[in-house]
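All remarks here apply to the structure that follows.
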Amino acid sequence: MTELAKHKQIELDLLKKLKDGTYPPQTLIPREVDLMAYYQVSRPTVRQAIQSLVEQGWLEKRKRRGTMVKARKIAQAFTQVIEGYNDEMQSKGLKPQTKVLLFQAETATAEVAEQLELTVGAPVYKLVRLRYANQQPIVLLTSYLPGTALVDPATVDFSQVSLYATLKQAGLDVTRVRRRLDVLTADETTADLLNVATGAPLFYFHTQGLTAAEVPVEYSIAKYRGDVNTFVMDLKRED
């Protein structure tokens with residue numbers, strides 16, 4: 001069997017390190033001179049291996065900085081299924097994490113009241129969560145619930161439990177959702193939370209969650225990073 005060329009061996013070893021997290025996304029890989037010493041090869045051999053990974057979309061060369069690991073896009077399927085964030089991320093081999101930034105009672109604005117079919121000023125809960133995959137912020141999610149949706153909100157830790165599972169336990173199982181997609185740019189606050197530049201593109205989803213009786217029990221606004229998320233839509237033609 002023919003032995004792989006040196007540059008190909010290095011490419012495969014670097015790829016393994018990219019996949020197992022040795023070199024995490026948005027970090028620099030070792031300098032060319034360090035890779036030359038590690039693999040005991042010439043600079044052209046190292047450059048050939050790196051260039052191949054750049055062309056495959058794994059790495060990105062930055063002027064005066066070095067070679068950076070590109071963030072891999074996550075194919076989100078929630079446009080066609082109702083599935084908890086943790087379940088979806090774990091099914092993709094990613095480690096999910098949720099930080100609760102805000103959870104409080106307040107009164108419904110005109111927009112929230114319309115989506116939850118309440119009167120303006122009715123009591124609602126506002127829940128703001130920042131969700132991660134492999135320690136990288138992915139989506140900023142703001143959810144509104146009717147004030148009667150939670151029996152004992154003080155006992156619920158939404159950094160650990162699913163919103164939909166909590167609603168189901170309260171007899172308000174979400175069986176259907178309506179979603180609207182917009183595209184907008186990140187303001188300064190959102191950019192800081194999602195670790196992107198101000199003005200970076202975001203996928204902006206509005207979601208209305210309904211029970212089997214068509215009662216709206218959730219209205220959410222999700223801001224997904226445009227650089228690390230793609231959305232899968234599986235459509236069938238109706239005759």
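Closest approach of Ala197 and Ala186 over heavy atoms only: O-CB, 4.1 Å. Heavy-atom minimum distance, Gln104 versus Leu102: OE1-CD1, 3.2 Å. In terms of heavy-atom proximity, Val217 sits nearest to Leu145 at O-CD2, 3.5 Å. Pairing each heavy atom of Leu194 with each of Leu140, the nearest pair is CD2-N, 3.8 Å. Here the shortest heavy-atom pairing between Val177 and Gly209 reads CG1-CA, 4.0 Å.
Checked by atom type, the side-chain pair Gln48/Ser52 shows no donor-acceptor distance below 3.5 Å. When only modelled atom types and interatomic distance are considered, Ser220 and Thr207 share no side-chain donor-acceptor pair under 3.5 Å.
For Thr107, the side chain to side chain contact (heavy atoms under 4.5 Å, CB included) test picks out no residue, with sequence neighbours left out. For Thr189, the side chain to side chain contact (heavy atoms under 4.5 Å, CB included) partners two or more places apart in sequence, or in a different chain, are Asp187, Leu193. Residues passing the ring pair (Phe, Tyr, Trp, His ring centres under 6.0 Å) test with Phe103, sequence neighbours excluded: Tyr125, Phe158. Residues satisfying the ring pair (Phe, Tyr, Trp, His ring centres under 6.0 Å) criterion with Tyr204, sequence neighbours excluded, are His206.
Residue-environment remark: CD (Glu188) stays at or below the threshold of 12 foreign heavy atoms within 6.0 Å.
Residue pairs meeting the ring-ring contact (aromatic ring centres under 6.0 Å, His included) criterion with at least one member in residues 173-201, sequence neighbours excluded, do not occur.
The pair Asp34-Arg31 meets the salt-bridge criterion, since a charged nitrogen lies less than 4.0 angstrom from a carboxylate oxygen.
Counting Ile, Leu, Val, Met, Phe, Trp and Tyr side chains that sit under 4.5 Å apart, directly or through other members, Met68 shares a hydrophobic cluster with Leu28.
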